[in-house]
Structures are given as C-alpha cells and as structure tokens.
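Just the heavy atoms: all of them, side chains too, but no hydrogens, waters or symmetry mates, feed the values below.
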Amino acid sequence: MTLAHSSYLNTPIDFPSPAKINLFLHIVGRRDNGYHELETLFQFLDYGDTLSITATESEQIDLLTPIIGVKNEDNLIIKAAKLLKATSKSQYGAQISLNKILPMGGGLGGGSSNAATILVALNLLWQCGLSTKELATLGLSLGADVPIFIHGFAAFAQGIGEQLSPALPQECWYLITKPACSISTQSVFTHEKLTRDTQRLPVNNQQLNDFSHDLFCPPYHNDCQDVVINSYSEVAKLLAWLIEYAPSRMTGTGACIFSRFSSYNEACALQAKLPENVASFVARGVNKSPLCFTIEKLKTNN
C-alpha cells in the first residue's frame with residue numbers, strides 16, 4: 001500500500017475539531033441495557049480544538065501533547081487512530097498534536113469531536129477509503145456523539161444519538177459560558193431524578209428540514225438541566241443571571257450554557273458583563289462542520 005497523494009506524507013496538517021451544542025435534549029426512554037433513548041438537535045460551532053496531524057511511514061502513533069490526568073492509551077484520540085489502523089490495516093502511522101481550547105466536562109463534545117476528527121483526517125491521509133457511514137459505525141463504538149461529528153451536518157438525532165436526520169436550524173450567534181465546575185456525563189444519566197419519559201416530538205419531514213421556530217419555547221427543553229442546576233449551584237446561578245439578558249439553556253449534560261443573539265456584537269456586549277470566574281467565548285452556530293471544509297479543500301488541492 002502506498003499513499004495516493006505523496007504531499008500528505010510527513011507534512012503536518014491542521015484539522016479543526018469543532019464544538020457542538022444540543023439546541024434541545026429530550027430523554028424519551030431507557031433501554032434494557034441502560035442506554036437512554038434521546039431526541040436532540042445538534043448544531044456545530046465555528047470554534048473548537050485543533051489537531052495537527054502528520055502521516056508517517058512509521059507504524060507508530062504518537063500523541064505529542066498528552067492531557068494531564070489522562071493516560072495516552074485511554075485518550076479517545078489514540079483509541080480512534082488505533083481503531084482505524086486495525087480496521088483498515090494501514091501500514092502508516094501518525095504524529096498528533098492537540099491544541100485544546102474546549103473545556104472538559106462542559107457538554108460541548110470535545111472528546112467526541114477529537115475522535116471524529118482523527119477518524120476522518122487519517123482516513124484521508126492514510127488513504128484508507130472508508131465511507132462516511134463506515135467511519136460513523138467505527139465512531140459509535142467510541143461514543144454516542146462521535147457519529148454526528150463524522151457526518152458533519154446539523155441533525156435531529158434519535159436512538160442513543162446515532163440516528164441522524166439532516167436539519168437546518170437558524171445559524172445564530174452564541175455566547176458560551178462555563179462556571180468553575182465540570183460535570184460527569186455518567187453522573188447525570190444515572191441520577192435518580194433525571195426525567196426519562198418526555199413525550200416524543202411529532203416531527204415530520206418539513207420540521208426536520210428547518211427547525212426555524214423558536215427552540216427556546218415549549219415543548220423544547222433540556223431534560224438534564226434540572227438535575228444539574230439542583231446539584232451544581234454554580235450552574236444554577238449563572239443560568240439565572242444569563243436568562244435575564246438572553247434566551248439561555250444548558251448544552252448536553254453541562255456545565256456549559258449557550259445564550260442566543262442575533263449578532264456578534266450583542267454576544268460580546270454581554271460577555272463583557274459576565275461575573276468573575278466564568279469562562280466564555282463567542283461563536284456562531286453553523287449547520288456544516290468546519291472539518292468538512294478542510295477535508296474538501298485538501299481533496300481539491302490534491
């Protein structure tokens with residue numbers, strides 16, 4: 001096997017690993033195996049981590065920027081690379097550097113996004129030839145949120161989050177805030193007071209295509225939000241403060257909150273007023289992942 005495009009070999013290339021937000025998150029049931037049945041609307045942000053990847057002739061896979069407290073073999077980046085290598089039987093390796101700016105335990109999907117970027121990028125750099133559907137199947141074994149990042153389009157998700165229908169929610173500006181706490185996804189999904197019987201949405205094909213109505217109005221909500229604000233006063237206080245200024249909701253299992261604005265300047269104006277000890281950034285919601293544009297550009301130039 002040889003790389004079809006020699007320009008990929010031994011050349012560091014930067015790939016975006018964007019954040020996602022759950023515009024709403026309904027838990028509509030629970031399976032016998034403990035997994036929860038969800039209905040959620042995923043949208044990407046034009047903000048996230050960056051992975052610099054160099055395809056090498058050595059079979060070694062190296063993460064040059066280990067995360068403190070996480071063993072390399074437990075890191076989803078390494079797991080994803082090794083999984084693709086085993087599946088494709090590629091003879092190549094990679095040197096990987098991560099510029100981590102997304103907070104951990106924030107509900108923005110950082111780890112899942114990292115894994116997806118690795119699968120998509122190395123599939124190209126190693127010329128594995130796997131389809132998007134095949135990559136998504138691999139990704140699902142690493143985490144329920146990985147497939148959305150591999151497909152790269154905003155979507156209404158069902159099942160455990162892997163059944164995706166393309167959607168076109170409004171591409172608004174968001175102020176993303178995170179109080180000084182991190183939240184374990186497992187602790188939220190195993191909480192005894194978590195709502196697990198929200199009524200399924202009567203969605204039809206037209207609704208799946210746009211979701212242009214106000215998603216901060218009923219019946220849309222985040223079933224995890226009440227559990228978190230009752231357990232973490234930092235999240236409760238920040239959310240209460242933000243709601244006075246703009247429609248705001250927790251994403252995923254938290255701790256990050258997104259507040260919606262019609263312009264970048266409006267989002268920045270509230271950012272300047274934030275209480276102390278609140279991390280934040282301003283980003284736009286986008287219906288196509290920034291990773292898709294990078295992959296398309298590389299394919300076009302080669």
[X] side chain near [Y] side chain, heavy-atom distance below 4.5 Å:
X: I160; Y: L140; result: yes
X: N75; Y: L63; result: yes
X: L122; Y: C128; result: no
X: L83; Y: S141; result: yes
X: I101; Y: N99; result: yes
X: L45; Y: R284; result: no
X: L108; Y: I176; result: yes
X: K299; Y: L124; result: yes

Got a salt bridge between R31 and E37, using NZ or NE/NH1/NH2 to carboxylate O under 4.0 Å?
-> yes
Exam field: side chain [X] to backbone [Y], donor-acceptor pair closer than 3.5 Å:
X: S248; Y: A246; value: yes
X: T117; Y: P16; value: yes
X: S231; Y: V227; value: yes
X: E266; Y: S262; value: yes
X: K20; Y: S113; value: no
X: E39; Y: T198; value: no
X: E134; Y: S131; value: yes
X: E244; Y: W241; value: no
X: S58; Y: G93; value: no
X: H151; Y: F153; value: no

On a heavy-atom basis, which atom in [X] and which in [Y] lie closest, and how many Å separate them?
X: M250; Y: F258; answer: O-CE2, 3.7 Å
X: L142; Y: L76; answer: O-CD2, 3.8 Å
X: G161; Y: F42; answer: O-CE1, 4.1 Å
X: F149; Y: A19; answer: CE2-C, 4.2 Å
X: T253; Y: C224; answer: CG2-SG, 3.9 Å
X: L9; Y: T56; answer: CD1-C, 3.9 Å

Following the transitive rule for hydrophobic clusters with a side-chain heavy-atom cut-off under 4.5 Å over Ile, Leu, Val, Met, Phe, Trp and Tyr, establish whether [X] and [Y] coincide in one cluster.
X: L23; Y: L164; result: no
X: L201; Y: I21; result: yes
X: I61; Y: L125; result: yes
X: F281; Y: I257; result: no
X: V28; Y: L38; result: no

Side chains of [X] and [Y] only: does a donor on one sit below 3.5 Å from an acceptor on the other?
X: S97; Y: S52; answer: no
X: E296; Y: T300; answer: no
X: T40; Y: N22; answer: yes
X: D49; Y: N114; answer: yes
X: S280; Y: T177; answer: no

Check the pair Y35, R30 against side chain to side chain contact (heavy atoms under 4.5 Å, CB included), reporting the backbone distance first and the verdict last.
-> CA-CA 6 Å; Y35 282 95; R30 193 176 193 179; over 6 Å; no
Rounded distance [0.5 Å steps], [atom1] in [X] versus [atom2] in [Y]:
X: I13; Y: K297; atom1: CD1; atom2: NZ; answer: 11.5 Å
X: L242; Y: L175; atom1: CG; atom2: CG; answer: 6.5 Å
X: D145; Y: E162; atom1: CG; atom2: CD; answer: 11.0 Å
X: L84; Y: K82; atom1: CG; atom2: NZ; answer: 13.5 Å
X: I53; Y: L51; atom1: CD1; atom2: CG; answer: 5.5 Å
X: D197; Y: L194; atom1: CG; atom2: CG; answer: 10.0 Å

Test the K288-F293 pair against the cation-pi criterion, namely NZ or CZ under 6.0 angstrom from the six-membered ring centroid and within 45° of the ring axis.
-> yes
Do we get R249 above F216's six-membered ring, with its NZ or CZ under 6.0 Å from the centre and within 45° of the axis?
-> yes
Of I96, L298, I118, the one forming a side chain to side chain contact (heavy atoms under 4.5 Å, CB included) with F15 is L298
Out of V120, N123, T137, L138, which residue meets the side chain to side chain contact (heavy atoms under 4.5 Å, CB included) rule with I150?
-> V120
I would like to know whether Y92 and Q127 meet side chain to side chain contact (heavy atoms under 4.5 Å, CB included); could you show each step before the answer?
-> CA-CA 10 Å; Y92 295 101; Q127 294 292 286; over 6 Å; no
Could you go through the side chain to side chain contact (heavy atoms under 4.5 Å, CB included) check for N287 and E171 one step at a time?
-> CA-CA 7 Å; N287 293 333; E171 294 184 322; 3.5 Å; yes
Only residue of F261, Y47, Y264 satisfying ring-ring contact (aromatic ring centres under 6.0 Å, His included) with W173 is Y264
Stepwise, does the side chain to side chain contact (heavy atoms under 4.5 Å, CB included) test hold for Y220 with H213?
-> CA-CA 11 Å; Y220 305 107; H213 35 291; 2.8 Å; yes
Does C181 have any side chain to side chain contact (heavy atoms under 4.5 Å, CB included) partners at least two apart in sequence or in another chain, and if so, which?
-> P179, Y232, E234, V235, A255
Would you check, one step at a time, whether the test ring-ring contact (aromatic ring centres under 6.0 Å, His included) holds for F24 with H26?
-> CA-CA 7 Å; F24 61 81; H26 301 170; 4.9 Å; yes
Heavy atoms from other residues, nucleotides or ligands near CG of D32 exceed 12 (cutoff 6.0 Å) | no
Is Q186 atom CD crowded by more than 12 heavy atoms from other residues, nucleotides or ligands, each under 6.0 Å away?
-> no
